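Keep in mind the model is a prediction, meaning the values are calculated, not measured. Throughout, a chain's letter reflects where its sequence line sits, starting with A, and its residues are numbered from 1. Note that these values count all heavy atoms, side chains included, but never hydrogens, waters or copies made by symmetry.
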Amino acid sequence: MLALLARKSRSRHKPLTIRNHSMDKIITRFPPSPTGALHIGGARTALFNWLYARRMGGAFVLRLEDTDKVRSTQESVDAIFQGLEWLGIDWDEGPFYQSKRTEIYQEYIQKLLDSGNAYYCTCSPETLDEKRKAAMARGDKPKYDGTCREKGLTNADNAVVRLKAPLTGKTVFEDKVKGTIAFDNQELDDLIIARSDGSPTYHLAVVVDDITMGINTIIRGDDHVSNTPRQVLLYNALDYPVPIFAHVPMVLGADKKRLSKRHGATSVIEYKHMGILPQAMINYLARLGWSHGDQEFFTVDELKDVFSLENIGKSAGVFDPARLLDLNADHIRAAADKDLAPIFIEQLAKLGIQAEDGEYLYQVMETLKPRAKTMVELAEKALFYYQDTIEYDPKAAQKCLIPEAIRPLEALIEKLDSVDVSDEKQVENAFVQVMESTGLKLGKIAQPVRVALTGQTASPGIFEIVQILGKAKVTARLRAAMDYIRTQNA
RNA sequence: GUCCCCAUCGUCUAGCCUGGUCCAGGACACCGGCCUUUCACGCCGGCGACAGGGGUUCAAAUCCCCUUGGGGACGCCA
């Protein structure tokens, strides 16, 4: 058997520990533990698994690792769903809950016991802890000393079950990202697979789940590489083929430390509230640790076509909000108005504006898209389109709403009277005529008008604003500005 | 402490496997300019990196070793 396996393996250029899955349909999974919101790192892991499954025509499984009863919460489960939904990451199977699969784990623990690959251990946590500390102090690796390994204990109260791991040799696995990784079995110890209350520990549950769910490709964070040999040992003990691993480097904060609250928003959903588009977040996350030549902008569909494990980088990456913002601006510009509309309306609502989907809204967005990095910003800059009375920015008013502005303002109102403002050319023409009649340069006329119409000195092009606002609102605002100037200088 | 992983501009990265075309390319950020009715967008330009040291070689960012630095794992957490 071994010889056969070895020969087969060699012909496929794979090490013995891996039985090849390449003929099978790719099945990936995302197994968050519901102890918090979906954070940046988790979202990227989910994304990579999802994209890879989609690219390979495989399946993507969602599994909640909620065996830690103390820390797992329903709120976290909901938050994870919410995050995935926002990103548009859907799954083909699941969600499975580990808390509902205890019988399956029992079955596999028993198998291990029956085959002599596991044994009961009655060492107390306190004793273990002391030994661990002593080993550390000695400069040794803190590992289980095997006290109960050969005792041949049958089930006893408060006994845990340990895997009987090999004492010598090496455990080797192929990592799609890092290459071949080897651990001396001496470095590993007899890990606990069942707690004294009979419940499975993480390693056992993960391996049993991945086996029973047919997972053959495991894409996960770098922090799991040292867990991998233990899990490989479990696959071996259970006599199941080892899946393909791809360990993706960590996402770090600007200080190169693991991303955490103090680096700002870590929950993916917070970025939704900040006005980030899901497609921008996906684009950013994909490019953080993965590349496709020099290409920076990707649509989700594009990623589903070109994403590959081969192009995942080996080193950790720093989360860069500025880059995300830039990509978001690109995606805002690239998005169709009808897709942006609901998000835009939602953001406007937060500012107290009830806006309707329709032509007016689209025109408004078109003028603002190149000027906004987030949807929040887009809404903020759109306020003047929807407000009845314009509140002037003090500096803007002081600079532009001055007595000298009265004449061009008045002239413009007059000119506009005979103009079809829905035609931008005619609007421009009106301004040109005012320039001629007043002898002022366009800048001298446009700025007061801009402040009159928007309250700000910075805005979209003045002609398009007039066109969109319409004659009635424009003249009303111009008049209001003249009144303002007069009262200020009375 | 022990083991594992990693190392190209401030940041994300291309290039590394299959040494020469790389006095290292792109993007973000930053700085300057152009366009211009403002602000953006856009365009042009600038700044800016192969961690250090040894090898191997006619030739090394690319291969090997060491050092340093960073990260991760060492739980009856996941």
Side-chain angles (χ1 to χ4, degrees), chain A residues 31-35 65-68 70-72 98 121 123-125 128-129 132 135-143 158-162 175 177-179 181-184 186-189 191-197 199-203 205-206 221-230 247 249-250 252 254 256-258 284 287-297 311 313-327 329 333 367-373 381 396 400 428 431 435 441-447 449-451 454 456-463:
Chain A
S33 60
T35 55
E65 307 211 329
D66 57 347
T67 53
D68 186 335
V70 183
R71 297 195 305 152
S72 300
Q98 287 191 328
C121 165
C123 296
S124 74
L128 259 20
D129 200 44
R132 228 182 332 258
M136 284 272 227
R138 247 181 290 126
D140 287 343
K141 187 134 184 150
K143 43 178 267 192
N158 295 322
V160 299
V161 179
R162 285 183 185 273
D175 189 293
V177 174
K178 317 236 179 217
I181 300 178
F183 286 81
D184 272 324
Q186 290 177 32
E187 294 296 329
L188 277 13
D189 65 357
L191 73 152
I192 294 173
I193 57 176
R195 303 186 182 97
S196 47
D197 67 359
S199 64
T201 59
Y202 164 71
H203 290 292
V206 167
D222 220 341
D223 49 341
H224 283 289
V225 325
S226 43
N227 285 333
T228 306
R230 299 171 187 285
H247 286 102
M250 302 273 86
L252 310 175
K256 303 265 184 145
K257 300 282 184 212
R258 204 172 177 149
Y284 177 70
R287 270 298 275 104
L288 180 56
W290 173 85
S291 62
H292 188 248
D294 283 337
Q295 187 174 348
E296 304 286 352
F297 185 93
N311 296 310
K314 293 176 184 221
S315 48
V318 173
F319 182 82
D320 181 5
R323 186 84 188 84
L324 172 61
L325 235 34
D326 178 69
L327 235 18
R333 269 174 257 145
T367 65
L368 261 13
K369 276 158 104 182
R371 282 166 244 266
K373 286 195 184 299
K381 287 186 192 293
C400 299
E428 179 170 357
F431 274 82
M435 283 168 69
K441 291 197 170 189
L442 183 53
K444 288 288 179 194
I445 303 165
Q447 279 311 85
V449 172
R450 193 184 309 283
V451 176
T454 71
Q456 309 288 135
T457 52
S459 80
I462 197 71
F463 307 144

Item to check | A:Ser199-A:Arg195 side chain donor-acceptor pair, cut-off 3.5 Å | outcome: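 A donor-acceptor contact under 3.5 Å links the two side chains.
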Checking all strands, does [X] fall into the base, sugar-phosphate, or nothing category for heavy-atom contacts under 4.0 angstrom?
X	value
A:Cys123	base
A:Asp129	nothing
A:Ser72	nothing
A:Leu288	sugar-phosphate
A:Pro460	base
A:Tyr284	nothing
A:Val160	base

Checklist entry - Closest nucleotide of RNA chain B for A:Asp189 versus for A:Val206: which of these residues is on the 5' side? => result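 Looking at RNA chain B, the more 5' nearest nucleotide goes with A:Asp189.
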Next on the checklist: Need to verify one output field. Residue with the more 5' nearest nucleotide on RNA chain B, A:Ala446 or A:Gly289?
Outcome noted: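 The 5'-side residue here is A:Gly289.
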Checklist entry - Is any N or O donor-acceptor pair between the side chain of A:Arg371 and the base of B:rC41 shorter than 3.5 Å? => result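 In this structure, the two groups form no donor-acceptor pair.
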Does the structure show a Watson-Crick or G-U wobble partner for [N], both distances under 3.5 Å? Name it, or say none.
N	value
B:rA73	B:rU2
B:rC30	B:rG46
B:rA61	none
B:rA7	B:rU68

Contacts of type side-chain contact (heavy atoms from CB on, under 4.5 Å), residue [X], not counting sequence neighbours:
X	result
A:Asp294	none
A:Arg162	A:Tyr119, A:Cys121, A:Leu128, A:Tyr144, A:Val160, A:Asp190, A:Ile192
A:Glu65	A:Pro31, A:Ser33, A:Arg63, A:Gln98, A:Tyr202, A:Val206

Think [X] has a side-chain N or O under 4.0 angstrom from the OP1 or OP2 of [N]?
X	N	value
A:Arg333	B:rG42	yes
A:Thr457	B:rC39	no
A:Lys143	B:rU2	no
A:Ser459	B:rU38	no
A:Arg132	B:rG75	yes

Next on the checklist: Could you check whether any side-chain N or O of A:Ser72 sits under 3.5 Å from a backbone N or O of A:Asp68, counting only pairs where one atom can act as donor and the other as acceptor?
Outcome noted: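 Yes, A:Ser72 side chain to A:Asp68 backbone: donor-acceptor pair under 3.5 Å.
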Item to check | Whether A:Gln447 side chain and A:Val449 backbone form a donor-acceptor pair below 3.5 Å | outcome: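 A pair under 3.5 Å: no.
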Distance check needed: [N] [atom2] versus [X] [atom1], whole Å only.
X	N	atom1	atom2	result
A:Glu65	B:rA78	CD	C1'	7 Å
A:Arg71	B:rG75	CZ	P	15 Å
A:Asp66	B:rC77	CG	P	14 Å

Close N or O pairs between protein and nucleotides 4-6 of chain B (under 3.5 Å):
residue : atom : partner  : partner atom : Å
B:rC5   : O2'  : A:Lys178 : NZ           : 2.9

When you get a sec, tell me which of [options] is the closest nucleotide to the side chain of [X]?
X	options	answer
A:Glu187	B:rA73, B:rC3, B:rU38	B:rC3
A:Arg195	B:rA40, B:rA78, B:rG71	B:rA78
A:Pro370	B:rA40, B:rC76, B:rA73	B:rA40
A:Asp68	B:rG1, B:rA78, B:rA73	B:rA78

Next on the checklist: Does A:Gln186 have more than 12 heavy atoms from other residues, nucleotides or ligands lying within 6.0 Å of its CD?
Outcome noted: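 No - once you tally the heavy atoms of other residues, nucleotides and ligands closer than 6.0 Å, there are 12 at most.
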Checklist entry - Looking at residues at least two apart in the chain, or sitting in another chain, which of them share a ring pair (Phe, Tyr, Trp, His ring centres under 6.0 Å) with A:Phe183? => result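 A:Phe183: no ring pair (Phe, Tyr, Trp, His ring centres under 6.0 Å) contacts found.
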Checklist entry - A:Ser459 and side chain to side chain contact (heavy atoms under 4.5 Å, CB included): which partner among A:Leu368, A:Thr367, A:Thr454? => result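 So the option named by the test is A:Thr454.
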Checklist entry - Can you list the residues that meet the salt bridge (charged side-chain N to carboxylate O under 4.0 Å, His left out) rule with A:Lys143, with sequence neighbours excluded? => result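 Here no residue qualifies.
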Item to check | Same-atom distance (P) from B:rC50 to B:rC23, integer angstrom | outcome: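 My reading of the P atoms in B:rC50 and B:rC23 gives 14 Å.
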What are the atom names and distances for every N/O pair under 3.5 Å that joins the protein to nucleotides 24-30 of chain B?
residue : atom : partner  : partner atom : Å
B:rG25  : N2   : A:Asp294 : OD1          : 2.8
B:rG26  : N2   : A:Glu296 : OE2          : 2.9
B:rA27  : O4'  : A:Glu296 : OE2          : 3.4
B:rA27  : O2'  : A:Arg323 : NH2          : 2.9

Quick one: which protein N/O atoms are closer than 3.5 Å to N/O atoms of nucleotides 32-35 of chain B? Pair and distance per line, please.
none

Identify each donor-acceptor pair in which a side-chain atom of residues 313-324 of chain A lies under 3.5 Å from a protein atom, sequence neighbours left out, and give them as a table.
residue  : atom : partner  : partner atom : Å
A:Asp320 : OD1  : A:Ala322 : N            : 3.1
A:Arg323 : NH1  : A:Asp326 : OD2          : 3.4
A:Arg323 : NH2  : A:Glu296 : OE1          : 2.8

Item to check | Sequence-distant partners of A:Thr228, side-chain hydrogen bond (donor to acceptor under 3.5 Å, both in side chains), two or more places apart | outcome: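 For A:Thr228, the residues satisfying side-chain hydrogen bond (donor to acceptor under 3.5 Å, both in side chains) (neighbours in sequence not counted) are A:Arg220, A:His247.
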Item to check | Residues which pass side-chain hydrogen bond (donor to acceptor under 3.5 Å, both in side chains) with A:Asp223, listed by chain and number, not counting sequence neighbours | outcome: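 Only A:Arg258 meet the side-chain hydrogen bond (donor to acceptor under 3.5 Å, both in side chains) criterion with A:Asp223.
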Provide a list of protein-nucleic acid N or O atom pairs under 3.5 angstrom, restricted to nucleotides 47-49 of chain B.
none

